[in-house]
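Along the sequence shown, residues are numbered consecutively beginning with 1. Predicted model, so just to flag it, every value in this text is computed and none were measured.
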Amino acid sequence: MATELTTTELTTTERTATEGMATEEMAMQRLRVLHKADTLDDLDLRLEAFDPPPLGSDEVLIAVHAAGVNRSDISATLGRMPHAVWPRTPGRDWAGVVIEGPQALIGQEVFGTGGDLGISRDGTHATHLVLHRDALVVRPQSLTPAEAGALGVPFVTAFQGFRRAGMPKPGDEVLVTAANGMVGQAAVMIATMLGARVFGVTRRAEPFALQGYAVRMIDGSSADIADVVRSETGGHGADIVYNTVGSPYFAAANQAMAHGGRQIFISTVERPVPFDIFTFYRGEHTFVGIDSLVLDACACAAILRDLLPGFASGRLRALPMAERACYPLERAKDAYRAVQSITRDRVVLLA
């Protein structure tokens, strides 16, 4: 098992990968994908020098120090997003420092993400990035650049799901499937921060990935999920189900829902699922679908600003990172392969 990095160790790793940051005069480089590919082996992923476009009056140039790699980045790079443009630079998550733009912003350590980045416009898997000033979020000192650069998609997705379904409140029962996945961890943290009691489902018996959170973990391979939730809530069930994987837990999640419960979907393995419409309407249930790709970088920044007090207080924390999951840009295809293999590591590129 890889050793998790402490803040000091992670800072050392980042410093090694970003020597020369003081001047920010390094050659600008970016990953470039020119056309669709069936597999990563077939993908023509290039690292090339580039000059950024001229800045608009409200735009800034950011020296990117860290950029997370998400499964959606792989799908977009392989050409599975119908609205993706070609050629382009992949990547949605990022953290760095402002080096050009309005004088008041120069030197600000910032981070962010965006559903448009890396798909309908050039993204973050590069040494430099041009963004609108409203897409910047000041990085709290509780997060290292690598941590901040790898939390955007999971936390924005988790928050947007709760916001559309109705935010958890004290006394609510919340069930999170694949609770140790990236979005699952973020959803658990947000729900517990807001005072809900949380049940977490995993494919095998294991604790929650982060210490210090009161989560009732359920082994989905051996336990009846609905029975556990109902028996431990006095028959009430789950007010909110955050179903991060869709079809594998669809039936069990429906059975676990309280009267008037809401279920959030962000992904699925199989598209067709068995649906009991009678139980649905008699239970006054609500299904909520979330596509974080519709949130551009400015919309995502607004969500991340709402979450900043949670990170400042320690109630929200960075997703666990391991040294083996930090890659330089020239090893981006290795990083992409790691994510495609469904690693539990939070993978990040260090520019």
Straight-line distance of [X] [atom1] to [Y] [atom2], nearest 0.5 Å:
X      : Y      : atom1 : atom2 : answer
Arg30  : Thr89  : CZ    : OG1   : 5.0 Å
Leu349 : Asp73  : CG    : CG    : 9.0 Å
Cys298 : Leu131 : SG    : CG    : 8.0 Å
Glu59  : Leu129 : CD    : CG    : 10.0 Å
His236 : Ser231 : NE2   : OG    : 14.0 Å
Gln29  : His128 : CD    : NE2   : 10.0 Å

Return yes if some donor-acceptor pair links the side-chain N/O of [X] with the main-chain N/O of [Y] below 3.5 Å, else return no.
X      : Y      : answer
Arg315 : Leu194 : no
Thr127 : Ala351 : no
Thr177 : Thr244 : yes
Asn70  : Ser72  : no
Arg305 : Leu136 : yes
Arg46  : Arg32  : no
Thr268 : Ser247 : yes
Asp116 : Asp296 : no
Thr144 : Glu147 : yes
Thr157 : Pro154 : no

Test side-chain hydrogen bond (donor to acceptor under 3.5 Å, both in side chains) applied to His259 and Glu284, step by step: CA-CA 6 Å; His259 190 90; Glu284 295 190 297; 2.8 Å; yes
Residue pair Gln263, Val288: steps toward the side-chain contact (heavy atoms from CB on, under 4.5 Å) verdict: CA-CA 6 Å; Gln263 186 170 178; Val288 178; over 6 Å; no
Salt bridge (charged side-chain N to carboxylate O under 4.0 Å, His left out) between Glu206 and Arg344, worked out: CA-CA 13 Å; Glu206 60 187 32; Arg344 290 203 166 191; 2.8 Å; yes
Within a strict 4.5 Å, meaning less than it, do heavy atoms of the [X] and [Y] side chains meet?
X      : Y      : answer
Val60  : Val110 : no
Arg163 : Ile303 : yes
Arg71  : Val153 : no
Val229 : Glu173 : no
Val174 : Phe199 : no
Arg92  : Leu293 : yes
Val176 : Val198 : yes
Pro102 : Arg133 : yes

Residues, nucleotides or ligands: over 12 heavy atoms within 6.0 Å of Asp38 CG: no
Atom CZ of Arg88: over 12 foreign heavy atoms under 6.0 Å: yes
Any chain of hydrophobic side-chain contacts (each under 4.5 Å) joining [X] to [Y]?
X      : Y      : result
Leu43  : Leu329 : yes
Leu295 : Leu308 : yes
Leu47  : Leu78  : yes
Met167 : Val188 : yes
Val269 : Ile342 : no

Pair Gln185-Asn180, side-chain donor/acceptor within less than 3.5 Å: no
Which atom pair, heavy atoms only, marks the closest approach of [X] to [Y]?
X      : Y      : value
Trp86  : Val33  : CZ3-CG2, 3.8 Å
Ala318 : Phe311 : N-CE2, 4.3 Å
Ile119 : Ala76  : CG1-CB, 3.8 Å
Trp94  : Ala135 : CZ2-O, 3.9 Å
Ala338 : Val347 : CB-CG2, 4.2 Å
Leu175 : Ala256 : CD2-CB, 4.0 Å

Check the angle between the aromatic planes of [X] and [Y] and answer parallel, tilted or perpendicular using the 30° and 60° thresholds.
X      : Y      : result
His125 : Tyr336 : tilted
Phe275 : Phe250 : tilted
Phe280 : Phe287 : tilted

Stepwise salt bridge (charged side-chain N to carboxylate O under 4.0 Å, His left out) check, Asp93 with Arg346: CA-CA 12 Å; Asp93 293 346; Arg346 188 63 177 114; 2.9 Å; yes
Using a strict threshold of under 4.0 Å (side-chain N to carboxylate O), is an ion pair present between [Y] and [X]?
X      : Y      : answer
Arg216 : Glu232 : yes
Asp44  : Lys333 : no
Arg204 : Asp219 : no

Stepwise side-chain contact (heavy atoms from CB on, under 4.5 Å) test for Arg197 and Thr233: CA-CA 10 Å; Arg197 180 166 65 158; Thr233 60; 3.3 Å; yes
Sub-6.0 Å ring centroid separation between Tyr242 and Phe265: no
Chi angles and distances behind the side-chain contact (heavy atoms from CB on, under 4.5 Å) call for Thr113, Leu304: CA-CA 9 Å; Thr113 189; Leu304 290 172; 4.3 Å; yes
From CA spacing to verdict: salt bridge (charged side-chain N to carboxylate O under 4.0 Å, His left out), Asp239, Arg262: CA-CA 6 Å; Asp239 299 292; Arg262 297 93 77 195; 5.4 Å; no
Check against salt bridge (charged side-chain N to carboxylate O under 4.0 Å, His left out), Arg337 and Asp41: CA-CA 9 Å; Arg337 285 195 180 97; Asp41 288 337; 2.9 Å; yes
